[in-house]
There are 2 protein chains.
Amino acid sequence: MGNGQRKSQNQPPRRMGRFLRIGLLLLLRRGENYGYILAAELPKLGLPRQSSVHSVIYRLLRRMEEEGLVSSRWETSQRGPRRRLYSITRQGEIALDILMARLLETTALIERLAAVYHANGDVSQ
Amino acid sequence: MGNGQRKSQNQPPRRMGRFLRIGLLLLLRRGENYGYILAAELPKLGLPRQSSVHSVIYRLLRRMEEEGLVSSRWETSQRGPRRRLYSITRQGEIALDILMARLLETTALIERLAAVYHANGDVSQ
DNA sequence: CACCACTATTGACAATATGTACATAGCATG
DNA sequence: CATGCTATGTACATATTGTCAATAGTGGTG
């Protein structure tokens with residue numbers, strides 16, 4: 001207790017935007033779906049629940065539609081509150097490919113940093 | 001006129017904050033150093049140059065000092081503009097360990113997403 | 001000396017991203 | 001009709017980031 005380390009310890013909320021996009025595109029690649037379900041499915045892909053809050057997912061989906069990565073239509077003829085059904089577009093599929101490629105770059109960066117990290121005390125270059 | 005694909009293609013600037021922090025801590029673990037040099041060294045660790053702009057690095061270093069991860073002092077007796085020399089603190093070393101641990105989680109997430117990505121058309125599950 | 005280039009740090013501003021909380025609305029149940 | 005679940009959306013505050021400019025010391029050139 002009472003040590004002064006809290007400030008750097010209390011992990012600030014991770015920035016998951018990039019991963020959320022990928023997760024949503026992956027889910028939508030499986031087929032048309034709507035936000036409420038997508039938000040519930042994301043944690044199953046490994047995304048932190050905290051980042052998969054509904055309002056965040058809805059906002060992101062609208063954004064992705066603006067960008068042309070997904071398209072939406074209102075589900076017709078079902079009971080309960082209306083659902084906005086999203087589908088991945090061709091552009092979205094391309095974007096997914098690009099995002100995954102960039103993920104590889106990120107992995108490479110991480111490995112590089114990890115290598116330096118583990119080169120402990122070894123100060124030479 | 002032009003097709004409408006540009007919007008999602010032109011890659012938005014990556015968010016490197018987390019990696020920059022790690023890079024700076026790794027560099028400072030090698031020994032005291034100042035911003036101008038640190039900004040030049042980061043790309044050698046694999047960080048994109050775009051993210052290693054001086055003003056960004058200076059700002060981040062000040063921020064990290066506020067958080068107690070690094071400490072600074074003015075270099076005495078040298079010619080040219082004064083330099084603010086940074087050192088990593090004990091807390092900074094701990095934070096580095098934590099950041100690296102979280103990097104592993106990120107790697108796990110990436111692998112998981114990649115697995116789903118490559119399970120192409122395989123909609124089952 | 002006037003001018004320029006390089007080193008070195010900082011501050012200010014706008015744009016974007018994110019967290020959080022709330023608002024709306026349909027339907028079902030007791 | 002109060003409550004709770006499904007379902008979507010909006011609004012506001014804050015955090016992060018990119019960009020640009022300001023300041024300052026030193027050295028070289030004409």
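Fair warning: this is a prediction, and the values are worked out from it, not measured in the lab. Letters A, B, ... mirror the listed sequences (proteins, then strands); counts begin at 1.
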Nearest-0.5 Å distance, CD1 of residue Ile22(A) to CG of residue Leu42(A): 11.5 Å
Contact under 4.0 Å: [X] side-chain N or O vs [N] OP1/OP2:
X	N	result
Tyr34(A)	dA7(D)	yes
Tyr58(A)	dT8(D)	yes
Arg84(B)	dT9(C)	no

Over how many whole Å does the gap from [X] atom [atom1] to [N] atom [atom2] extend?
X	N	atom1	atom2	result
Leu38(A)	dA7(D)	CG	P	11 Å
Met64(A)	dT8(D)	CE	C1'	17 Å
Leu20(A)	dT18(C)	CG	C1'	11 Å
Tyr36(A)	dC27(C)	OH	P	16 Å
Arg59(B)	dT17(D)	CZ	P	8 Å
Leu85(B)	dA8(C)	CG	C1'	12 Å
Ile57(A)	dA21(C)	CD1	P	17 Å
Leu24(A)	dT8(D)	CG	P	13 Å

Pick base, sugar-phosphate or nothing for [X], based on heavy-atom distances below 4.0 Å to the nucleic acid.
X	result
Ser55(B)	base
Val53(B)	nothing
Arg18(A)	nothing
Arg62(A)	sugar-phosphate
Arg82(B)	sugar-phosphate

Residue mapping more 5' on DNA chain D - nearest nucleotide basis, Val56(A) or Arg79(A): Arg79(A)
Nearest-neighbour nucleotide for the Arg83(A) side chain, dT20(C), dT6(D), dT18(C) considered: dT6(D)
Nearest listed nucleotide, side chain of Trp74(A), among dG9(D), dT9(C), dT18(C): dG9(D)
Test: Glu105(B) and Arg102(B) ion pair at under 4.0 Å: no
Cationic N near anionic O, under 4.0 Å, Glu67(A) to Arg63(A): yes
Single-linkage hydrophobic cluster, 4.5 Å side-chain cutoff, Leu104(B) and Leu113(A) together: no
ILVMFWY cluster membership beyond Ile37(A) - transitive side-chain contacts under 4.5 angstrom: Tyr34(A), Tyr36(A), Tyr58(A), Leu85(A)
